[in-house]
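A short write-up of the structure that comes next.
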Amino acid sequence: MSAPQISGKSHRDALADFGTALVQVKNNRGLTLAEMAHVMRKSDDQLARYIAGDMEMGVVAWMLAAEEWPELSDKLAETATERAMKARQRALDLDLPARRSAAA
């Protein structure tokens, strides 16, 4: 019997994508594992296993996470190429000219 495919991905790759999406939300929002675990009603250890792609996440935990962090679904949909491109982006530290007042 062959391994199940989820949207053309292996089971392991699908779990890794979920983990990547979770860690991106964690890092972007400056959250701790404990804060995320509390929202998802899971232990820190379970959340760490989700992030590592070592454990499947239940529907209720996913729905709690998606409700709290709406960007999670978008992060899940990002491809590896898009993530790599975003990682290479750098902010331009440009001083924008001050607007001239309309009265001048």
Side-chain angles (χ1 to χ4, degrees):
M1 180 190 220
S2 63
Q5 295 285 306
I6 302 158
S7 298
K9 297 179 181 185
S10 71
H11 181 258
R12 180 170 294 286
D13 288 343
L15 290 178
D17 287 349
F18 276 95
T20 299
L22 285 169
V23 82
Q24 286 180 321
V25 168
K26 177 187 171 296
N27 293 341
N28 290 345
R29 287 183 172 244
L31 300 169
T32 65
L33 282 178
E35 291 168 331
M36 291 184 79
H38 176 74
V39 167
M40 296 170 69
R41 299 185 180 125
K42 298 295 177 184
S43 68
D44 297 4
D45 183 57
Q46 270 187 300
L47 182 59
R49 291 180 69 196
Y50 295 154
I51 288 172
D54 293 337
M55 184 177 183
E56 288 188 28
M57 184 185 318
V59 173
V60 173
W62 173 258
M63 291 178 75
L64 289 168
E67 185 176 298
E68 183 72 17
W69 309 296
E71 71 273 22
L72 188 57
S73 296
D74 292 336
K75 298 292 183 196
L76 182 60
E78 282 182 354
T79 65
T81 303
E82 290 169 329
R83 285 191 295 272
M85 183 181 66
K86 285 182 179 181
R88 287 192 302 266
Q89 290 178 339
R90 299 291 177 253
L92 295 176
D93 295 326
L94 301 175
D95 291 328
L96 297 176
R99 288 189 175 185
R100 295 180 187 171
S101 68

Self-check item: Side-chain hydrophobic cluster, 4.5 Å single linkage: members besides M63
Solution: V59

Quiz item: Is there side-chain contact between V25 and E71, with at least one heavy-atom pair below 4.5 Å?
Solution: yes

What pairs of donor and acceptor atoms, side-chain ones from residues 44-51 against any protein atom, are under 3.5 angstrom apart with sequence neighbours left out?
none

Practice problem: Provide the closest heavy-atom pair for A21 versus L76 in the form atom of the first, atom of the second, distance. | Solution: CB-N, 3.7 Å

Quiz item: Measuring from L15:CG to T20:OG1, what's the distance to the nearest 0.5 Å?
Solution: 10.5 Å

Quiz item: Should L31 and L33 be regarded as members of a common hydrophobic cluster, given that ILVMFWY residues are connected when their side-chain heavy atoms come within less than 4.5 Å of each other, either directly or indirectly?
Solution: yes

Quiz item: Under 4.0 Å between a Lys/Arg side-chain N and an Asp/Glu carboxylate O for E35 and R29?
Solution: no

Quiz item: For the residue pair K26 and T32, what are the closest heavy atoms and their distance?
Solution: CE-C, 4.3 Å

Self-check item: Inter-residue atom distance W69.CH2 - D74.CG, 0.5 Å rounding
Solution: 15.5 Å

Practice problem: Report yes or no: do M55 and V39 belong to one cluster of Ile/Leu/Val/Met/Phe/Trp/Tyr joined by side chain heavy-atom distances under 4.5 Å? | Solution: yes

Quiz item: Can L64 be reached from M57 by stepping across I, L, V, M, F, W or Y side chains whose heavy atoms are under 4.5 Å apart?
Solution: no

Quiz prompt | Within 6.0 Å of CZ in R12, more than 12 heavy atoms from elsewhere | solution = no

